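Note that the numbering runs from 1 along the sequence shown for the chain. All of these numbers come straight from a predicted model, not from anything done at the bench. When a ligand or atom number is given, it counts from 1 through the structure's own listing order.
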Amino acid sequence: SKRWAPLIAERKNDVRPLMADTLPSPFSEEIKGIADASGVPLGEVVLFNIFYEVFTVCTSVVAEDSKGNLLHGRNLDFGLFLGWDVKNKSWTISEKLKPLVVNLDFKKNNQTVFKSTNFAGYVGMLTGIKPHMFTLTMNERFSLDGGYIGILEWILGQRDGMWMSFLTRTVLEKANSYEEAKKLLAETKLLAPAYFILGGNQTGQGCIITRSRTLSIDVLEIDPKLDRWYVLETNYDHWKEPFFLDDRRTPAMRCMNQTTQTNISVSTLYDMLSTKPMLNKLTTYTTLMQVSEGKLESYIRDCPNPCMPW
Ligand SMILES: *[C@@H]1O[C@H](CO)[C@@H](O)[C@H](O)[C@H]1NC(C)=O
Ligand SMILES: *[C@@H]1O[C@H](CO)[C@@H](O)[C@H](O)[C@H]1NC(C)=O
Ligand SMILES: *[C@@H]1O[C@H](CO)[C@@H](O)[C@H](O)[C@H]1NC(C)=O
Ligand SMILES: *[C@@H]1O[C@H](CO)[C@@H](O)[C@H](O)[C@H]1NC(C)=O
Ligand SMILES: *[C@@H]1O[C@H](CO)[C@@H](O)[C@H](O)[C@H]1NC(C)=O
């Protein structure tokens with residue numbers, strides 16, 4: 001706080017609008033448009049858009065059923081440490097976000113190009129589908145080389161690279177196959193580390209790309225030959241043990257294993273994502289996607305007590 005407080009104080013009146021100008025097109029223009037249309041100060045809209053890059057904890061899974069159809073599910077958990085309401089046993093920000101959940105349909109020449117589950121006013125993508133081609137979600141990867149540090153360095157103009165959720169949106173718009181999406185997600189230089197969870201439209205096409213800022217560290221793929229019929233990511237590298245206070249991976253995998261490939265479907269995937277602690281007090285929405293039908297459906301969530309804060 002000693003290092004950054006004077007800087008923020010000194011630039012309080014201009015740093016955030018300045019940041020809006022630094023963002024690439026069309027994100028910069030969209031953010032300004034949102035500020036104009038809503039009457040919310042530009043700086044607040046910028047912060048709203050940057051926050052997700054830092055505070056999201058999630059569960060994402062791509063699974064292949066026995067017929068070779070690919071299903072993709074995710075819980076978006078947001079608001080950790082941003083104010084716990086003792087009386088309501090809830091996270092203040094998570095509660096405020098729930099009414100902002102929207103399903104968006106991006107069209108060109110009146111044709112759907114891609115769809116996403118978003119928060120109104122947020123221009124990046126954390127969850128999306130390119131119908132009949134691929135599905136994509138992003139989970140935060142906590143790492144020393146990124147997160148706050150990367151973003152502060154970017155504010156100071158000392159870092160280049162792309163915002164993670166701007167890349168996912170660009171990929172949803174521009175990539176025209178699973179392979180093309182995978183390449184862009186693995187090779188584009190980022191501002192901070194991330195996990196990209198990508199599903200394709202045919203057997204074996206599902207992967208978790210573990211990213212550092214500059215490169216892909218690891219790609220774990222669905223492999224029917226190894227009986228690996230799903231890949232699942234929370235917020236920890238899959239080859240390491242998860243943080244012991246936040247192990248959503250083991251119970252999620254136990255659920256998937258018990259469900260079996262024969263019985264996996266949109267509804268059993270929803271059941272898995274509705275099981276505590278995958279469902280917790282931070283969970284704002286659950287999205288389920290079926291690439292072959294081009295379908296995306298989402299649910300605003302509530303975790304009844306007793307329920308873990310995360
Ligand atoms: C607590 O929850 C209730 C019901 O969900 C809501 O009406 C109320 O506004 C909440 N209180 C606070 C302080 O958020
Ligand atoms: C766009 O498509 C919708 C139905 O999908 C149709 O109702 C509408 O008239 C179309 N608009 C234009 C400009 O073609
Ligand atoms: C899968 O995606 C590829 C690449 O976009 C496309 O050529 C193919 O038709 C798609 N297959 C199905 C079954 O939709
Ligand atoms: C689930 O099954 C996979 C593959 O057989 C196995 O590696 C993993 O340890 C199992 N996990 C749990 C929690 O049952
Ligand atoms: C799969 O679903 C069928 C029908 O709902 C059910 O009878 C069976 O017990 C399920 N199998 C497993 C392993 O859950």
Filter the ligand 3-protein atom pairs down to N or O on both sides and distance under 3.5 Å, then list them.
unit_1   : atom_1 : unit_2 : atom_2 : d
ligand 3 : 2 (O)  : N201   : ND2    : 2.4
ligand 3 : 5 (O)  : N176   : O      : 2.7
ligand 3 : 11 (N) : N201   : ND2    : 2.9
ligand 3 : 14 (O) : H132   : O      : 3.4

For R74 and T286, run side-chain contact (heavy atoms from CB on, under 4.5 Å): C-alpha distance rounded to whole Å, both residues' side-chain angles, the deciding distance at 0.1 Å, then the answer. CA-CA 6 Å; R74 81 114 87 241; T286 296; over 6 Å; no

Does any N/O atom on K107 come nearer than 3.5 Å to any N/O atom on ligand 2? no

Any N or O on R254 sitting closer than 3.5 Å to an N or O of ligand 4? no

Does the pair E187/R211 count as a salt bridge with the N-to-O cut at 4.0 Å? no

Ring centre gap for F106 and F114 strictly below 6.0 Å: yes

Tell me, with the steps shown, if D246 and Y236 meet side-chain contact (heavy atoms from CB on, under 4.5 Å). CA-CA 10 Å; D246 180 32; Y236 304 95; 2.6 Å; yes

Across all chains, not counting sequence neighbours, the ring-ring contact (aromatic ring centres under 6.0 Å, His included) partners of Y285 are F119

Working for side chain to side chain donor-acceptor pair (under 3.5 Å), residues S28 and S25: CA-CA 6 Å; S28 169; S25 182; over 6 Å; no

Do the charged groups of R141 and D237 touch, with an N to O distance under 4.0 Å? yes

